[in-house]
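The next block holds one structure in the form of structure tokens; read it before the comments.
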Amino acid sequence: MSHKNILAKHNIQLWPKDKIEAFRKRLLNWYDQNKRDLPWRRTSNPYYIWVSEIMLQQTQVDTVIPYYNRFIKTLPTIHDLAQASEETLLKLWEGLGYYSRVRNMKTAAIQIVEKHEGVFPRDKKDVLALKGIGPYTAGAVTSIAFNQAEPAVDGNVMRVMSRLFEIELDIGKASSRKVFEALIYELIDPDRPGDFNQALMDLGATICTPNNYFPETSPVKEFNASYINETWERYPIKKSTKKVKNFTYYTLAIKNERGEHLFEKRPSKGVLAGMWTYLMIDADDLPNEKWKSFENQSDESLIEDLENLALEMYGVKIKLNKQLKGQVSHIFSHLKWNLLVYEGDVVTEGVGIKETTWIHPESFDSIAFPVPTQKVRKLLTEITLF
DNA sequence: TACACGTGGGA
DNA sequence: TTCCCAAGTGT
């Protein structure tokens, strides 16, 4: 189906040619005067553009900037990325979240070395074939780095377009994206496609925002149907989200006589895949139903149950401090961890079902810990007042 | 198609 | 507190 047919099917009335050209001029003129000075806008190196786009996925600009600068300084070429160790990469990514992004980037870098002689491909099909690059990122890199007229439809672009054209599609649905892409194919400036895409995103990030949107301040308000019709509060259409699920873990911070701490490796799939945490025992795995609530934390048989489970799961005989050290909570996008932290010492080491390792605090700086682990570490180093 | 996948910030 | 948001992709 052609772009115009897709638009017609969804009752999106495309502008006449002269209006499209006027829109391009207005938008790009505003961008030229108001664009944000960002590190990845000072380069046309496709590798750097790519790094920035991966980091910016679901992540705010201010958060990304220091990570981006450190990353390209440490790994200045695709070859460096392809050869970097996973530990190096995770350390560079520590605290950014969505850690599969950087693992996928290494896979893609190896793809580029093997299939494209280490040169970032220009053909959109080849770009899309790279691990971790989907329709948005492929469009962003090819338009920004190579000046190709490809759409880069993210949340900003869908919000801006929904308001300009009073689009009724739910922007939360995966199927909606291709309709917005069809629209951008018709609107995009063939001479400055990368700037056009970035202008739309800047507009969405600074003026046409989710909250505090005042359309009269927009440089393209005359093109905005929802402004003209005073319907902007309706757009974009977005269904409400689901509630997060709660999980409670008894978290054991175990030390040995060398001062090392015991960590377990998360499974290779799922939340924080392959990352290190303190020992986490699911409250649902405890034999007594009453431990699933937050009460009874001083009961001595709880400590005994935890010590027995630690022996089963991690192979270590431990002696726990009966006093609850404290609680840590961490909210993910779709779930919440409540960690009940106990300290203890190892009596006898052994091998259990789960992969574990001893790490000395002097080595903490060279290992990537996810934020929940950092929060527990912080709790352990706080001075107890009584 | 819908859901899993991190984290921090703002209302 | 609670909710939503922020330059999405893989499965």
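Side chains are part of it too, since the values below use all heavy atoms of this structure and drop only hydrogens, waters and symmetry mates. Each chain gets a letter, A, B and so on, in the order the sequences are listed, and its residues count up from 1.
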Open item on the list: Does A:Thr63 reach a base, just sugar-phosphate, or nothing at all? Heavy atoms under 4.0 Å.
Closed with: nothing
Can you give me every donor-acceptor pair (side chain of residues 306-313 of chain A, partner residue at least two apart or in another chain, under 3.5 Å) with its distance?
unit_1   : atom_1 : unit_2   : atom_2 : d
A:Glu307 : OE2    : A:Leu320 : N      : 2.9
A:Asn308 : ND2    : A:Glu304 : O      : 3.3

- [ ] Find which nucleotide of DNA chain C each of A:Ile331 and A:Gln60 is nearest to by heavy atoms, and output the residue with the more 5' nucleotide.
- [x] A:Ile331
Open item on the list: What's A:Arg159 touching, base or sugar-phosphate or nothing? Going by heavy atoms closer than 4.0 Å.
Closed with: sugar-phosphate
Open item on the list: If you assign each of A:Ala273 and A:Lys242 to its closest nucleotide in DNA chain B, which residue comes earlier from the 5' end?
Closed with: A:Lys242
TODO: Rounded off to whole Å, could you give me the CE-to-P distance for the A:Met55 and B:dG6 pair?
DONE: 16 Å
TODO: Kindly state which residues belonging to residues 365-378 of chain A come within less than 4.0 angstrom of DNA chain C, counting heavy atoms of the residue only, listed by number.
DONE: none
- [ ] Over 60° means perpendicular and under 30° means parallel, so classify the ring planes of A:His334 and A:Phe332, tilted if in between.
- [x] perpendicular
Open item on the list: What verdict does the salt bridge (charged side-chain N to carboxylate O under 4.0 Å, His left out) test give for A:Glu181 and A:Arg177, after you've listed the backbone C-alpha separation in whole Å, the side-chain angles of each residue and the deciding distance to 0.1 Å?
Closed with: CA-CA 6 Å; A:Glu181 285 178 348; A:Arg177 198 204 65 251; 2.9 Å; yes
TODO: Report the nucleotide, chosen from B:dA2, B:dG8, B:dC5, that has the shortest atom-to-atom distance to any side-chain atom of A:Val271.
DONE: B:dC5
TODO: Could you check how far OH of A:Tyr213 sits from C1' of B:dG10, rounded to whole Å?
DONE: 20 Å
Could you go through nucleotides 9-11 of chain C and list every protein N or O atom that sits under 3.5 Å from one of its N or O atoms, giving the distance for each pair?
unit_1 : atom_1 : unit_2   : atom_2 : d
C:dT9  : OP1    : A:Gly134 : N      : 2.8
C:dT9  : OP1    : A:Gly134 : O      : 3.3
C:dT9  : OP1    : A:Thr137 : N      : 3.0
C:dT9  : OP1    : A:Thr137 : OG1    : 2.9
C:dT9  : OP2    : A:Tyr136 : N      : 3.4
C:dG10 : OP1    : A:Gly132 : N      : 2.3

- [ ] Could you tell me if the ring centre of A:Phe223 sits under 6.0 Å from that of A:Phe23?
- [x] yes
Open item on the list: Side chains of A:Asn211 and A:Thr209 only: does a donor on one sit below 3.5 Å from an acceptor on the other?
Closed with: no
TODO: Scan A:Gly204 against the nucleic acid and name what it touches under 4.0 Å (heavy atoms): base, sugar-phosphate only, or nothing.
DONE: nothing
Open item on the list: If I compare all heavy atoms of A:Tyr235 with all of A:Glu168, which pair ends up nearest, and what's the gap?
Closed with: OH-OE2, 2.6 Å
- [ ] Compare side-chain N and O positions of A:His334 against OP1 and OP2 of B:dC5 and report whether any pair is under 4.0 Å apart.
- [x] yes
Open item on the list: Can you tell me which nucleotide in C:dC5, C:dG8, B:dT7 comes closest to the side chain of A:Gln58?
Closed with: C:dG8
Can you give each donor-acceptor pair under 3.5 Å made by side-chain atoms of residues 268-281 of chain A, sequence neighbours left out, with the distance rounded to 0.1 Å?
unit_1   : atom_1 : unit_2   : atom_2 : d
A:Tyr278 : OH     : A:His261 : ND1    : 3.3

Task: Spacing between A:Asn212 atom CG and B:dG9 atom P, to the nearest angstrom - done: 18 Å
Open item on the list: Please report the interatomic distance OG1(A:Thr137) to CZ(A:Arg101), rounded to the nearest 0.5 Å.
Closed with: 10.0 Å
TODO: Mind listing the residues from residues 38-48 of chain A sitting with a heavy atom below 4.0 Å of DNA chain C? Number order is fine.
DONE: A:Leu38, A:Trp40, A:Arg41
- [ ] Could you work out the separation of C:dC4 and B:dC3 based on their P atoms and round it to a whole Å?
- [x] 15 Å
Task: Interface residues of residues 90-97 of chain A with DNA chain C (non-hydrogen, below 4.0 angstrom) - done: none
Task: Distance-only side-chain donor-acceptor flag, A:Ser329 / A:Asn338, under 3.5 Å - done: no
- [ ] Give one of base, sugar-phosphate or nothing for A:Ser175, where a contact means two heavy atoms less than 4.0 Å apart.
- [x] sugar-phosphate
Open item on the list: Can you confirm whether or not the ring centre of A:Phe263 sits under 6.0 Å from the ring centre of A:Trp358?
Closed with: no
Open item on the list: If only side-chain N and O atoms count, and only distance matters, is there a donor-acceptor pair under 3.5 Å linking A:Tyr136 with A:Gln57?
Closed with: no
Task: Spacing of A:Asn246 atom CG relative to C:dT1 atom P, expressed in whole Å - done: 12 Å
TODO: Using the P atoms only, state how far B:dC5 lies from C:dA6, rounded to an integer number of Å.
DONE: 23 Å
- [ ] Flag the pair A:Tyr98 / A:Trp93 as yes when their ring centroid distance falls below 6.0 Å, and as no otherwise.
- [x] no
TODO: With heavy atoms under 4.0 Å as the rule, sort A:Val61 into base, sugar-phosphate or nothing.
DONE: base
TODO: Taking only the side-chain nitrogens and oxygens of A:Tyr98, find out if one of them lies under 4.0 Å from OP1 or OP2 of B:dA4.
DONE: no
Open item on the list: Does A:Leu272 reach a base, just sugar-phosphate, or nothing at all? Heavy atoms under 4.0 Å.
Closed with: sugar-phosphate
- [ ] Could you tell me whether the side chains of A:Arg41 and A:Gln198 share a donor-acceptor contact shorter than 3.5 Å?
- [x] yes
Task: Whole-Å gap separating P (C:dA6) and CG (A:Asp62) - done: 13 Å
Task: Side-chain H-bond candidate by donor/acceptor type, A:His330 with A:Lys375, under 3.5 Å - done: yes
Task: Within 45° cone of A:Phe196 ring axis and under 6.0 Å: A:Arg24 NZ or CZ - done: no
